[in-house]
Structure formats: structure tokens, C-alpha cells
Q: 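Got a structure for you, questions after.
These numbers come from the heavy atoms of this one structure, side chains and all, not from hydrogens, waters or symmetry mates.
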Amino acid sequence: MTLLTTWPESGPGTVLRRTAEPAEIAAALAPIGVRYERWPVRADVAPDAEPAAVLAAYRAEIGALTVEEGFRTVDVASLHPGDDPAWPRKARAARQKFLAEHIHEDDDEVRFFVAGSGVFYLHAGGEVHAVLCEEGDLLGVPRGTTHWFDMGTRPSFTALRFFHEEDGWVATFTGDDIALRFPDFDTLTAERDAA
């Protein structure tokens, strides 16, 4: 279940908003320029499907969004637990890359979750919005928005990534340790599942 939790930027002691309703999530994020919508989930696409199969399954949606937003590149990012002995190290490194607050100066960050989940933390307007995205969620974070992303200690997701620039993912880190003060992916999912 998708979940939006909003706190003041001073810390997570006070919950300003918590909702799992897609329309409420979209309405709460729109004032900060963040796009949230639901796309149909293709049951015939395995969570660990090859990128070509994912791109083919979502061809119509990719085409429509690419025309609407002028994206130049679309790819598939995927990370799932496996038997590879190097997987724990790869998972830790991948998670660590996105955990610190950053911005993208030259591009939006637009992701569609084909499978699995992850949390985008959006720091804007004196608040921190944690958007726990799951399969079927599209989130578009405008360039210049301070944010970070957590995929948890055991990452499992497949996502489409949309880029205006061919350079792909390029971040400028803020140096702020704000991400350390808010509940991480594992804590948020445990709280949601216990409710």
C-alpha cells in the first residue's frame, strides 16, 4: 500500500499528514510541484523481468509520458535479492548512494514502480514528505527539489526512469544530515504493516 507521511522539517515527532488515498497524495504533493499518479500494473511482467520486457509492457504509457514531458531517455533500474554472494555488498552500496539529501539541477527525477517499493523523501516548504511508493506508482520530482531515496536494507524493486538529459542520474548533495533524523524505509514499512 502506498503511503504519504508528512512531518515538519524539524523532525518526525509530529505527523502533519498520513494518507494512503491516491487522490489525497496527489493533492498534497501538487503544491510543491511533485507529480503523483497511478498506472495500471501489468500482471504478466515478473518483478525481475528483463529491461526489454518491462519497456515493451509499458510502451503505451512510456510513449504518452515521453511526448507530454519531452523525455529523451527511458531505462529500467532493478535490484532484487539473489543468490549472488556479492549481492549484500551491492545492495548496501546502491542504497548508500541515494540516502543523503540532494538535488538534480538539470533534470527532474521521474520514476514508475513496476514492482517492489522504495521511499522518496521530499524536503520542501518547511516539511518532509515521505512517499512510500509501490508497484503502480509514478512519482515526478521537479529539478531543484531537495530529496533523498531509501530502498531499505533488503532492496527489491524494478522501476522505469525517465530523463530529459542523456547524462542520466546526476546529483548535487546538500551536505545536510536531515535524512538521518527521519524514519528510514524499514521503519516506515514496519509501521505501515503493523497498522
Q: Apply the test side chain to side chain contact (heavy atoms under 4.5 Å, CB included) to residues R111 and F120: give CA-CA distance (whole Å), side-chain angles for both, the deciding distance (0.1 Å), then the verdict.
A: CA-CA 10 Å; R111 303 292 181 263; F120 276 92; 3.7 Å; yes
Q: Show the numbers, then the answer: is there a side-chain hydrogen bond (donor to acceptor under 3.5 Å, both in side chains) between T6 and E127?
A: CA-CA 7 Å; T6 303; E127 297 176 334; 5.4 Å; no
Q: Just wondering, do L16 and P8 contact through their side chains at under 4.5 Å, heavy atoms?
A: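 Contact flag for P8/L16 side chains = yes.
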Q: Hey, are the side chains of V119 and C133 touching, using non-hydrogen atoms and a 4.5 Å cut-off?
A: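 No, their side chains stay 4.5 Å or more apart.
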Q: Show me the donor-acceptor pairs within less than 3.5 Å that the side chains of residues 176-183 make with the rest of the protein, sequence neighbours left out.
A:
from, atom 1, to, atom 2, distance (Å)
D176, OD1, I178, N, 2.9
D177, OD1, R181, NH1, 2.8

Q: Would you check if L122 and V131 make a side-chain contact, meaning some heavy-atom pair closer than 4.5 Å?
A: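 Touching, per the 4.5 Å side-chain cut-off.
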Q: Taking the side chain as every heavy atom from C-beta outward, state whether E24 and L4 have any atom pair closer than 4.5 Å.
A: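 The answer is no; the side chains never approach within 4.5 Å.
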Q: Please answer whether the main-chain N or O of A57 pairs with a side-chain N or O of R42 as donor and acceptor at a distance below 3.5 Å.
A: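 Yes; judged by distance alone, with no hydrogens or angles, the pair exists.
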Q: Listed by chain and number, what are the side-chain contact (heavy atoms from CB on, under 4.5 Å) partners of R192, not counting sequence neighbours?
A: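 Only M1, L3, L132, E134, T189 meet the side-chain contact (heavy atoms from CB on, under 4.5 Å) criterion with R192.
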Q: Decide side chain to side chain contact (heavy atoms under 4.5 Å, CB included) for I62 and F112; before the verdict, give the C-alpha distance in whole Å, the side-chain angles of both, and the deciding distance to 0.1 Å.
A: CA-CA 10 Å; I62 291 168; F112 169 69; over 6 Å; no
Q: Let me see the working for T2 and F113 under side chain to side chain contact (heavy atoms under 4.5 Å, CB included), right down to the final yes or no.
A: CA-CA 11 Å; T2 307; F113 283 81; over 6 Å; no
Q: I want to check something: taking the side chain as every heavy atom from C-beta on, are L138 and E61 in contact at a cut-off of under 4.5 Å?
A: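 SC-SC contact between L138 and E61 ruled out.
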Q: May I ask you to say whether D150 pairs ionically with R95, meaning some side-chain N is under 4.0 Å from a carboxylate O?
A: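 Judged by the 4.0 Å cut-off on N to carboxylate O distance, D150 and R95 do form a salt bridge.
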Q: When L65 is tested against each of L160, V110, V74 for side chain to side chain contact (heavy atoms under 4.5 Å, CB included), which residue passes?
A: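 Considering L160, V110, V74, a side chain to side chain contact (heavy atoms under 4.5 Å, CB included) with L65 is found only for V110.
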Q: Please walk me through it: do H147 and H123 pass side-chain hydrogen bond (donor to acceptor under 3.5 Å, both in side chains)?
A: CA-CA 6 Å; H147 66 284; H123 182 194; over 6 Å; no
Q: Are R35 and D108 ion-paired here, with the side-chain N under 4.0 Å from a carboxylate O?
A: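 Not counted as a salt bridge, because no side-chain N and carboxylate O are separated by less than 4.0 Å.
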Q: For H104, is there any backbone N or O sitting under 3.5 Å from a side-chain donor or acceptor partner on R143?
A: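 Pair absent, no side-chain N/O of R143 close to backbone of H104.
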Q: Kindly say whether P47 contributes a backbone atom to a donor-acceptor pair with the side chain of H80 at under 3.5 angstrom?
A: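 Yes, because the side chain of H80 sits within donor-acceptor range (under 3.5 Å) of the backbone of P47.
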Q: Find out whether E69 and F162 are in side-chain contact, i.e. whether some heavy atom of one side chain is under 4.5 Å from a heavy atom of the other.
A: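 SC-SC contact between E69 and F162 ruled out.
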Q: Return yes if some donor-acceptor pair links the side-chain N/O of R38 with the main-chain N/O of E135 below 3.5 Å, else return no.
A: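 The answer is yes, because a donor-acceptor pair under 3.5 Å joins these two groups.
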Q: If you define the side chain from C-beta out and look only at heavy atoms, does anything of V15 sit under 4.5 Å from W7?
A: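 A side-chain contact exists here, since the closest heavy-atom pair is under 4.5 Å.
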Q: Given side chains that start at C-beta, do those of F185 and S117 come closer than 4.5 Å, heavy atoms only?
A: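 Result yes, sub-4.5 Å side-chain heavy-atom pair found.
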